[in-house]
Amino acid sequence: VTFDVKPEYTDALIEAFLDVTPDSRGAPGNIRFDLYQAIEAPNTLVLFERWENVAAHEAHLAQDYNAPVSAVMADALEEPLSPATRILAVDASE
């Protein structure tokens, strides 16, 4: 997921993701949960998640521990999330 964040919210959104990272990484079915900040565009964040299956990811999204991110994200994004910013993929190399 790519997030274009309003400059005044970048630090708050990063902090919110840092708060949920331990729970996200410990969630059943989680393989990867990493947040990246673009070097040349620091208000662009990329969340790279890898899950064993869609059901595990959907269960993770439903957890209460995601509330801090959702609360900040409501005001933080330049544009709402869309299919262009959220890409679901399968590992084609396996």
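From a predicted model like this one, the values you see are computed outputs, not experimental measurements.
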Engineer: Rounded at 0.5 Å granularity, tell me how far CD in Glu49 sits from CZ in Arg32.
Structural biologist: 12.0 Å
Engineer: Partners of Asn30 by side-chain hydrogen bond (donor to acceptor under 3.5 Å, both in side chains), sequence neighbours excluded?
Structural biologist: none
Engineer: Enter the distance from Tyr9:OH to Asn43:CG here, rounded to the nearest 0.5 Å.
Structural biologist: 13.0 Å
Engineer: With sequence neighbours excluded, tell me which residues meet side-chain contact (heavy atoms from CB on, under 4.5 Å) with Asn53.
Structural biologist: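 side-chain contact (heavy atoms from CB on, under 4.5 Å) check on Asn53 returns Ala55, Ala56.
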Engineer: Hydrophobic cluster mates of Tyr36, side-chain heavy atoms under 4.5 angstrom, ILVMFWY only, any path?
Structural biologist: Val46, Phe48
Engineer: List the atom pairs, donor and acceptor, that lie under 3.5 Å between side-chain atoms in residues 11-25 and the rest of the protein, sequence neighbours left out.
Structural biologist:
residue: Thr21; atom: OG1; partner: Phe17; partner atom: O; Å: 2.6
residue: Ser24; atom: OG; partner: Val20; partner atom: O; Å: 2.9
residue: Arg25; atom: NE; partner: Phe33; partner atom: O; Å: 2.9
residue: Arg25; atom: NH2; partner: Phe33; partner atom: O; Å: 3.1
residue: Arg25; atom: NH2; partner: Asp34; partner atom: OD1; Å: 3.0

Engineer: Give the other cluster members for Leu61, using side-chain heavy-atom distances under 4.5 Å between Ile, Leu, Val, Met, Phe, Trp and Tyr residues; answer none if it is isolated.
Structural biologist: none
Engineer: Please check this pair: side chain of Gln37 against backbone of Leu45, looking for a donor-acceptor N/O pair closer than 3.5 Å.
Structural biologist: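 Answer holds: no.
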Engineer: Are any of the side-chain heavy atoms of His57 and Val54 separated by less than 4.5 Å?
Structural biologist: no
Engineer: What pairs with Pro28 under side-chain contact (heavy atoms from CB on, under 4.5 Å), at least two apart in sequence or on another chain?
Structural biologist: none
Engineer: What pairs with Val1 under side-chain contact (heavy atoms from CB on, under 4.5 Å), at least two apart in sequence or on another chain?
Structural biologist: Phe3, Leu47, Leu81, Arg86
Engineer: Tyr65: what forms a side-chain hydrogen bond (donor to acceptor under 3.5 Å, both in side chains) with it, not counting sequence neighbours?
Structural biologist: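 Result, side-chain hydrogen bond (donor to acceptor under 3.5 Å, both in side chains) vs Tyr65: His60.
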Engineer: Less than 4.5 Å apart, any side-chain heavy atom of Glu52 and any of Ile31?
Structural biologist: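 The answer is yes; the side chains approach within 4.5 Å.
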Engineer: Considering residues at least two apart in sequence or located in another chain, which fulfil the side-chain hydrogen bond (donor to acceptor under 3.5 Å, both in side chains) criterion with Arg50?
Structural biologist: Asp91, Glu94
Engineer: Can you list every salt bridge (Lys or Arg N to Asp or Glu O under 4.0 Å) pair that touches residues 68-79, not counting sequence neighbours?
Structural biologist: none
Engineer: Only counting residues at least two apart or in another chain, list the ones meeting side-chain hydrogen bond (donor to acceptor under 3.5 Å, both in side chains) with Ser70.
Structural biologist: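 For Ser70 there are no side-chain hydrogen bond (donor to acceptor under 3.5 Å, both in side chains) partners, ignoring immediate neighbours.
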Engineer: Going by side-chain contact (heavy atoms from CB on, under 4.5 Å), name the residues that satisfy it together with Ala41, two or more places apart in sequence or in a different chain.
Structural biologist: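 side-chain contact (heavy atoms from CB on, under 4.5 Å) list for Ala41, sorted by chain: Ala38, Thr44.
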